[in-house]
Protein chains: 2
Amino acid sequence: MPDPSRESLGFLLIDAGRAVRRRFELRAAELGLSAAQWRVIAQLHRHGPLPQARLAEYMEIEPISVSRLAERMEKAGWIRREADPHDRRIKLVAPTDKATAAFAEARSIADALYADALAGTPPGTRETLIAILKAITNNLSPGTDHD
Amino acid sequence: MPDPSRESLGFLLIDAGRAVRRRFELRAAELGLSAAQWRVIAQLHRHGPLPQARLAEYMEIEPISVSRLAERMEKAGWIRREADPHDRRIKLVAPTDKATAAFAEARSIADALYADALAGTPPGTRETLIAILKAITNNLSPGTDHD
DNA sequence: TCAATATCGTGAGCGGGCTTACGATTTCAA
DNA sequence: TTGAAATCGTAAGCCCGCTCACGATATTGA
């Protein structure tokens, strides 16, 4: 039998993603930052202050998930949520100084982690993997117009 | 700036995994089977009836997660949980006929999904990706003795 | 102008992960 | 033999996704 579980692309993908997340959170535990929270901060540093709806698009999750996430992050002092002066529906999310400081830390944790993850693989593996993952996400995402 | 979010291996991995899971569950919705539940059934068909602790090891999740998952699956009629005659601590998990029937269905859904996911990529991409993902999981898992 | 439509954020409730902590068993070593 | 240690399953309580449903606000079109 062709090993219905271990050879399954989906299983492997989900396993690998979970392993990376688990390791990151283990090492970033003292920062008090989860993987999802780090993703938020990274988006904010990339794009500047954002409405929650925009954040949801960039992260490719649902607005309600951003709502909960932002609520916890605001409570923990990672972000501020300010009213948009031009549109009273919108809450503009911005990183605090604490978030900006943690960003660099988390980045280096992640870099070290990726090095660990790819240890022992041939050179160029990272680029190959990135290209494949982008293709997969593009192929499977409905609004297919990333990057 | 080197695109701190979109180029991040972790983000890409998590995004791709989520995209695959989302698509699978969309198509398997009429089976009433989630990705995690399908993983359980796949393990049972691979290994036969298992104690929950063994299932947790194979799936690389915590026993408590299996506990909840199995509880829901039992209620939905996917599995039975029987007492082990030789060890009263153990609950042996076995698939029902309903699960066995759904297994083949889900398998073909997954196969079609993987084909979609890798559409437009060079031949051999699948094998390359599988090899890399296995390496990552091995590198990052504590008990490192998989396949 | 003003009613229909679209967008924004969130409540309720659920699935699936996790850590920590526990009682019930079994196994093992003194 | 018996007490310590390991193993099994689960309760409690959290984070992070989701669908469905909703009020509030903007935008648009008749």
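In the text below, chain A, chain B and the rest are named by the order of the sequence lines, each starting its count at 1.
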Subject >> Sugar-phosphate, base or nothing in reach of A/I64, heavy atoms under 4.0 Å >> reply: base
Original post:
Taking B/E25 as the fixed residue, which of B/R23, B/R27, B/R21, B/R22 is the one that meets the salt bridge (charged side-chain N to carboxylate O under 4.0 Å, His left out) rule?
Top reply: B/R21
Original post:
Please give, in whole Å, the distance from C/dG11 P to A/E62 CD?
Top reply: 17 Å
Subject >> Nearest-nucleotide comparison on DNA chain C, the residue closer to the 5′ end among B/Q37 and A/S65 >> reply: A/S65
Original post:
Quick one: B/R39 CZ to C/dG15 P, roughly how many Å, whole number?
Top reply: 18 Å
Original post:
Are OP1 or OP2 of C/dG17 and a side-chain N or O of B/R68 less than 4.0 angstrom apart?
Top reply: no
Subject >> Among C/dC8, D/dC16, D/dG9, the nucleotide that comes nearest once only the side chain of B/A53 is considered >> reply: D/dG9
Original post:
Roughly, in whole Å, what's the span from CD in B/E71 to P in C/dG16?
Top reply: 12 Å
Original post:
CD1 of B/I14 versus C1' of D/dG17: gap in Å, rounded?
Top reply: 12 Å
**OP:** May I have the distance from B/I90 (atom CD1) to D/dA6 (atom C1'), rounded to whole angstrom?
**Re:** 13 Å
Original post:
Does a nitrogen or oxygen in the side chain of A/R54 sit under 4.0 Å from OP1 or OP2 of C/dC8?
Top reply: yes
Original post:
Do A/L92 and A/I41 belong together in a cluster built from hydrophobic side chains that touch within less than 4.5 Å?
Top reply: no
Original post:
Do any side-chain nitrogens or oxygens of B/R22 fall under 4.0 Å of OP1 or OP2 in D/dC18?
Top reply: yes
**OP:** Using the closest heavy atom to pick a nucleotide of DNA chain D for each, name whichever of A/R72 or B/P63 lands nearer the 5' end.
**Re:** B/P63
Original post:
Roughly, in whole Å, what's the span from CD1 in A/I79 to P in C/dG9?
Top reply: 12 Å
Original post:
Side-chain N or O of B/R88 less than 4.0 angstrom from OP1 or OP2 on C/dT26?
Top reply: yes
Subject >> Phosphate OP1/OP2 of D/dT7 contacted by B/Q52 side-chain N/O (<4.0 Å) >> reply: no
Original post:
Rounded to the nearest Å, what distance is computed from the CZ atom of residue A/R18 to the C1' atom of nucleotide C/dG15?
Top reply: 14 Å
Original post:
Looking at the rings of A/F103 and A/W78, which for Trp means the six-membered one, are their centres under 6.0 Å apart?
Top reply: no
**OP:** With heavy atoms under 4.0 Å as the rule, sort B/R81 into base, sugar-phosphate or nothing.
**Re:** sugar-phosphate
Original post:
Of the candidate nucleotides D/dC15, D/dC18, C/dT10, which contains the atom at the shortest distance from the side chain of A/I61?
Top reply: D/dC18
